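Just below is one structure, and these are the notes that go with it.
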Amino acid sequence: MKRILTTAFVLICFFSAEMSAQQYMRMTQFMYNPYFINPAVAGTLNQIPFYLSYRNQWSGFKGAPSTFVASGHFQGPENSGFGGIITHDDTGGAISRTGIDLTGAYHIDLNNYDAVSFGLSLTGRQFKFDNSKLVVYQPDDLELNGMQPESTMNLDANIGMMVYGKDYYFGFSVPQLIQSRLKLEGLNNSVDNQNIRHFHFMGSYKYYINDNFDIQPSALMKLTPVTPVQLDVNLKVGYNDRVWAGVSYRYKDAIAINIAGQMENFFLGYSFDFTTGEAQVLSPFTHEILLGFIIPGKRGKYQSRGALGPRVLDRGRVVKH
């Protein structure tokens, strides 16, 4: 019976990550909020961005997975940065995860326009396994813990590094670095019942066509020791750093159209995924919405127009907006 439960656990994780067997949450609009992917982004902007994101995966499918993310980060003294992320990931089945990330980052200037940043997030997750949502042949089996829900707290860490300049950034992050165990009685603390270390590589380049329009390609590659490489590629066009439209391709999974706009301090983004992989049998569509509130920086009117967004520069290395 333990083997059956362990298999069910793996299958639920498999479907909840869009047929990829990855445990870490996915967001199509990663290019607008790279801090969610890499803790080294914390404090790299001359602003304080707060974002709320909601993803309704496989829309119209009963019990479809959904993900909620709230995040924000800001600059600290002496080239430091800080931030936090709150997440709730519901697989639509027996498994849900609710957690918080607390981030610290440090930035080192390389020259007049380039810098490198290092980030560390300490993470806490409440992992819930609700046996009552399983359809089983033997409800009285001891391994099912009397069909009672189980939950456990899980501590781990994410690390990241980012090199960035006026028109580009690239870096990597390692979520679930420690690979801590999940202590659930129903799964008998199996060695397979644990966080799996992920590896994320992300980059972007921003090219200004003229004073009004820019093109920004972005890519995100994700892999684990037990899954194939996953690749997200996005190309978006911006107008006056206020309105954006783009298209994304996720290998063997989806094609997405995304639009976004910013008015004063408010940001709104929306993406519509067309499922192209095996999950198409569940639903052909996924919706994702991103709301933001941007607090401008307080270090003067001089700032760069960059791939990550407005970035603080010393007066001797100013690029006027």
Side-chain angles (χ1 to χ4, degrees), residues 27 29-51 71-85 101-123 157-175 177 198-208 214-222 232 234 236 238 241-242 244 262 267 292 294-321:
M27 288 292 173
Q29 300 177 88
F30 67 90
M31 72 294 295
Y32 296 112
N33 185 19
Y35 168 55
F36 174 68
I37 304 296
N38 193 332
V41 175
T44 58
L45 307 181
N46 185 26
Q47 53 185 215
I48 305 175
F50 292 99
Y51 288 108
S71 71
H73 65 93
F74 60 94
Q75 294 175 332
E78 304 297 330
N79 290 341
S80 63
F82 302 94
I85 301 174
D101 299 15
L102 298 176
T103 304
Y106 185 73
H107 319 128
I108 301 173
D109 294 330
L110 300 178
N111 53 44
N112 284 345
Y113 295 105
D114 304 297
V116 60
S117 176
F118 301 91
L120 170 66
S121 291
L122 300 179
T123 69
N158 302 342
I159 62 170
M161 186 273 287
M162 181 77 71
V163 178
Y164 60 101
K166 179 175 177 290
D167 298 319
Y168 76 94
Y169 66 84
F170 67 88
F172 72 91
S173 60
V174 185
L177 177 68
H198 289 51
F199 299 90
H200 294 168
F201 299 88
M202 181 173 61
S204 182
Y205 178 76
K206 194 170 189 178
Y207 175 74
Y208 289 95
D214 66 82
I215 297 177
Q216 186 172 357
S218 305
L220 171 62
M221 184 173 66
K222 309 195 308 187
D232 288 53
N234 174 266
K236 63 175 178 151
D241 285 331
R242 285 288 181 249
W244 300 268
Q262 183 172 338
F267 177 93
I294 316 298
I295 300 177
K298 298 181 179 180
R299 299 189 181 183
K301 63 182 179 180
Y302 298 108
Q303 59 189 31
S304 68
R305 296 172 63 187
L308 278 167
R311 177 191 164 206
V312 169
L313 300 174
D314 295 334
R315 286 191 66 87
R317 39 192 284 209
V318 159
V319 178
K320 292 187 178 179
H321 187 71

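Start at 1 with the first residue, then count along the sequence. Since the model is a prediction, treat every value here as computed from it, not as a measurement.
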### Message
Once you measure the plane-to-plane angle for His107 and Tyr164, does it fall in the parallel (<30°), tilted (30-60°) or perpendicular (>60°) bin?
### Response
perpendicular
### Query
Going through the distances and angles, do Thr123 and Ile85 end up as a side chain to side chain contact (heavy atoms under 4.5 Å, CB included)?
CA-CA 9 Å; Thr123 69; Ile85 301 174; over 6 Å; no
## Note on the structure
The reported gap from CD1 in Ile294 to CD in Gln47 (rounded to nearest 0.5 angstrom) is 5.5 Å
#### Entry: Pairwise distance CZ(Phe82) to CG(Leu102) - rounded to 0.5 angstrom
11.5 Å
### Task
Might you point out which heavy atoms bring Ala105 and Ser117 nearest each other, and give the distance in Å?
CB-OG, 4.2 Å
#### Entry: Heavy-atom closest pair, residues Ala157 and Leu122
CB-CD2, 4.4 Å
### Message
Below 30° counts as parallel, above 60° as perpendicular, anything between as tilted: where do the rings of Tyr168 and Phe170 land?
### Response
parallel
#### Entry: Donor-acceptor pair, side chain of Ser218 and main chain of Asn234, under 3.5 angstrom
no
### Query
Looking at CG of Leu220 and CG of Asp232, how far apart are the two atoms once the value is rounded to the nearest 0.5 Å?
5.0 Å
### Message
Whether the side chain of Ser121 engages the backbone of Asn158 through a donor-acceptor N/O pair (distance < 3.5 Å, no angle test) should be reported.
### Response
no
### Test item: side-chain donor near acceptor, Tyr113 and Asp167, under 3.5 Å
no
### Message
To the nearest 0.5 Å, what is the distance between CD on Gln216 and OH on Tyr205?
### Response
10.5 Å
### Summary
Closest heavy-atom pair, Ala40 versus Thr44, reported as atoms and distance to 0.1 Å, is O-CG2, 3.6 Å
### Task
Taking the side chain as every heavy atom from C-beta outward, state whether Asn33 and Val41 have any pair of such atoms under 4.5 Å apart.
no
### Query
Is there side-chain contact between Tyr51 and Phe36, with at least one heavy-atom pair below 4.5 Å?
no
### Nearest non-hydrogen partners of Pro39 and Leu120, listed with the distance
CB-N, 4.2 Å
### Message
Quick one about Thr103 and Tyr35 (side-chain donor to acceptor, distance below 3.5 Å, no hydrogens or angles considered), yes or no?
### Response
yes
### Task
Report yes or no: does Ser204 contribute a side-chain atom to a donor-acceptor pair with the main-chain N or O of Pro217 at less than 3.5 Å?
yes
#### Entry: For the student: nearest non-hydrogen atoms of Trp244 and Gln262, plus distance
CZ3-N, 4.0 Å
### Message
Could you report the tightest heavy-atom contact between His73 and Pro49, atom names first, then the distance?
### Response
O-CD, 3.2 Å
#### Entry: Pairwise distance OH(Tyr207) to CG(Asp214) - rounded to 0.5 angstrom
11.0 Å
### Message
Run Phe172 and Asn38 through side chain to side chain contact (heavy atoms under 4.5 Å, CB included) and show every step you take.
### Response
CA-CA 7 Å; Phe172 72 91; Asn38 193 332; 5.6 Å; no
### Message
Quick check: do Lys236 and Met31 have side-chain heavy atoms less than 4.5 Å from each other?
### Response
yes
### Query
Does a side-chain heavy-atom distance below 4.5 Å link Met202 with Met162?
yes
### Message
Working to the nearest 0.5 angstrom, can you tell me the gap between Phe30 CZ and Ile37 CD1?
### Response
7.5 Å
